[in-house]
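Sequence lines set the chain letters: A, B, ... in the order given, protein chains first and strands last, and positions in each chain run from 1.
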Amino acid sequence: MSSDEEVWDEINVEDKIINTDTLKDTNLHPETVNVEITNETKRISPQQRLMRRIVHRVHFMCLFVHYKKFNLQLNSSLHKSHLLSILPESFLNVKHLEPKKMAVYLKLLSRYLHSVFKIESLDDEEPLGLLEAFQQRKVYEDQFVAFFVIIMRSLGLKCRLVVSFNPVSYKSTSHITNPKKRIKLDETSLMEYPLTWAEVLNEFDKRWIHGAVKDITVRYCAYYGARTVKLRTEERLWDYMLSLNKKFYVKPEDKLENEEFLERQRNETLPTTKTGFKNHPLYVLESQIRQNQAIYPKTPVFGLFNGESVYSRSNLKSKEAWLKEARAIKDGEIAIKTVKARTLKKKAASEELADNDTCPLYGIWQTRPYVPPKVVDVNHGKVPRNEFGNLYVFRPEMVPDDCCHIPYKGIDKIAKKLDIDYVDAVVRFEFNRGRSFPVLEGIIVLEKHRDILVEAYEQVENHKVQSHFEEIQGKVINRWSRLIKKLIIRDRVNKLYA
DNA sequence: CTGAGTGATTTTCCTTTGCTGTCA
DNA sequence: ATGACAGCTTTGGAAAATCACTCA
């Protein structure tokens with residue numbers, strides 16, 4: 001980690017991206033040059049902001065990948081046997097200890113490991129690998145924690161490597177030039193759980209890496225909702241990285257912990273400042289309600305802040321936006337709010353429709369899960385379709401019963417050839433030339449046709465690959481035979497006339 | 001030092017079903 | 001002939017967030 005950081009420290013983000021665009025802007029207003037220059041120096045330019053964001057992201061991803069790999073190393077049986085070999089016998093019997101005894105045990109183990117390994121800082125030297133570090137009994141802090149985790153895991157205890165990321169922030173230069181770092185083995189939280197922990201603690205973002213990856217920040221931040229969450233700049237990137245590692249089942253201890261996290265969030269004390277309420281994940285003040293938000297129901301009131309009631313937050317969405325989440329508006333529901341809608345330019349101005357300029361918004365309590373259209377008769381039936389002759393499949397659950405989505409390119413032609421009824425699948429909308437257009441990916445067919453279609457598709461694809469191969473093979477053979485014929489001719493000519 | 005307030009600037013939100021020319 | 005496909009052009013206005021600052 002420290003090596004990563006050194007690398008980042010060397011990059012002076014500010015200096016590299018000053019280009020002519022910013023100068024051009026200042027020159028546009030010669031009469032206000034002074035103002036412009038002070039603004040220019042005080043506020044970072046869009047280019048700088050972009051660069052910082054990229055640096056932030058790359059740093060974040062490097063940390064993520066580094067620790068994921070690091071953690072995988074900790075399961076190696078070689079490391080396990082090495083570490084177990086230096087452990088006194090008294091440490092080996094650790095299963096089924098009471099939480100309190102466990103805490104004592106962990107303290108002793110930690111003390112013992114400290115006596116064996118010398119912890120070095122990583123200032124100048126190239127860090128040693130885990131194996132060399134073990135042999136030389138010299139480790140840096142990450143490795144010390146790693147050894148702890150290895151021992152725990154080889155003794156059959158569940159142990160996480162907890163890593164707190166502190167990627168360079170793009171919000172303030174001080175973070176880029178002086179990243180503060182604090183790594184320590186925290187033993188207090190070990191007391192609370194029968195599970196064993198090793199953690200590497202850092203300033204705000206705390207992540208769990210353990211094959212699967214999990215965000216456990218809530219446990220460590222007192223003001224998670226009011227403060228910490230807002231320091232996150234790349235929530236979408238994080239969600240994406242997590243989704244790559246998602247496990248498809250929830251282990252019992254995870255379930256328990258997830259509940260604990262929810263509980264912790266709920267129990268977090270109300271923010272004490274107005275800014276603390278701004279964009280708080282749970283609470284909202286009526287005066288801060290946004291255009292696409294509403295307070296419903298008006299109970300419970302969580303408390304008072306400056307004489308204002310504190311409510312829970314609920315977002316409103318348009319019918320179309322709900323559909324993208326596979327939810328439909330219940331019958332007879334009336335919009336909570338109405339906002340101005342963006343009416344796209346009609347082809348002819350005269351066709352302008354008057355009723356199109358508002359957008360009704362609904363809350364989640366006014367919706368139900370989307371029910372896809374039914375196949376009328378499975379035996380002879382056709383795939384249902386909407387007024388445009390296709391189907392919305394924004395989410396997997398939006399595929400009608402007895403139907404399936406085959407997302408292969410070119411599969412529609414095969415279905416057509418086999419005379420199988422199908423409809424195009426609309427997976428999202430995209431904007432182009434000021435208008436939105438559906439993006440089609442694959443087709444929807446009756447479930448009973450799936451196998452025959454996929455088989456046919458594979459055959460066609462195989463055939464394509466095969467014929468491409470044969471084409472190339474033919475060319476190669478042709479060239480070789482021409483070359484050899486010509487060589488034979490040359491040889492004969494040489495013999496006859498040389 | 002902290003948080004409310006401020007103005008300039010950036011981001012988000014809303015929407016929702018082509019056209020044309022080229023080439024195999 | 002037919003159909004696949006690339007290139008086209010790149011909404012737009014309002015509201016809210018964000019940033020970098022000031023001030024109490």
Classify the side chain of A:K324 versus the base of B:dT16 as yes if they form a donor-acceptor pair under 3.5 Å and no if they do not. yes
More than 12 heavy atoms of other groups within 6.0 Å of A:K448 NZ: yes
Result for salt bridge (Lys or Arg N to Asp or Glu O under 4.0 Å) between A:E325 and one of A:R395, A:K317, A:K319 points to A:K317
Whole-Å distance between B:dT15 P and A:W322 CH2? 13 Å
Given B:dT17, C:dA17, B:dT15, the nucleotide with the shortest approach to the side chain of A:C359: B:dT15
Tell me: CG of A:L440 to C1' of C:dA4, nearest whole Å? 14 Å
Taking atom P in both C:dT9 and B:dC13, what distance in whole Å separates the two? 29 Å
Of the nucleotides B:dC14, B:dT16, B:dT17, which has the atom closest to the A:E320 side chain? B:dT16
In whole angstrom, what separates A:E430's CD from B:dC19's P? 18 Å
Look at all strands and tell whether A:F394 reaches a base, only sugar-phosphate, or nothing, counting heavy atoms closer than 4.0 Å. nothing
Taking C:dC23 as the reference, what is the distance to B:dC1 when you measure between their C1' atoms (whole Å, please)? 13 Å
Measure NZ/A:K409 against P/C:dG3 and give the value in whole Å, please. 17 Å
Return yes when atom NZ of A:K330 has more than 12 non-hydrogen atoms of other residues, nucleotides or ligands closer than 6.0 Å, and no otherwise. yes
Phosphate-side-chain proximity, A:T275 and B:dG3, N/O vs OP1/OP2 below 4.0 Å: no
Interface with DNA chain C, restricted to residues 283-294 of chain A and to heavy atoms under 4.0 Å: A:R290, A:Q291
Expressed as a whole number of Å, how far does the P atom of C:dT10 sit from that of B:dC14? 24 Å
Out of B:dT17, B:dT15, B:dA4, whichever nucleotide has its closest atom nearest the side chain of A:K274: B:dA4
Does atom CD1 of A:I334 have more than 12 heavy-atom neighbours from other groups under 6.0 Å away? no
Please report the distance, rounded to the nearest Å, between CZ in A:F437 and P in B:dC19. 8 Å
A:P438 has a side chain; which of B:dT17, B:dG3, B:dT15 sits nearest to it? B:dT17
Between P on B:dT17 and CG on A:L391, what's the gap in Å once rounded to a whole number? 16 Å
Short question: side chain of A:E333, backbone of A:Y362 - any donor-acceptor pair under 3.5 Å? no
So, A:F429 and B:dT16: ring centres less than 5.5 Å apart, planes less than 30° off, yes or no? no
Take atom C1' in C:dG7 and the same atom in B:dT15, then report the distance between them in whole Å. 24 Å
Measure up the A:H280 and A:Y283 rings against each other and bin them: parallel (under 30°), tilted (30 to 60°), perpendicular (over 60°). tilted
What's the closest nucleotide to the side chain of A:N386 if the choices are B:dA4, B:dT15, B:dT17? B:dT17
Separation of B:dT12 atom P from A:K317 atom NZ, nearest Å, is 15 Å
Counting neighbours of CD1 on A:I452 that are heavy atoms of other residues, nucleotides or ligands and sit closer than 6.0 Å, is the number greater than 12? no
P spacing across the pair B:dT17 / C:dC5, given as an integer number of angstrom: 24 Å
Check whether any side-chain nitrogen or oxygen of A:S318 sits under 4.0 Å from OP1 or OP2 of B:dT15, and answer yes or no. yes
Just wondering, more than 12 heavy atoms not from A:Y408 lying within 6.0 Å of its OH? no
note: A:F277, atom CZ; C:dA17, atom P; distance rounded to Å ~ 15 Å
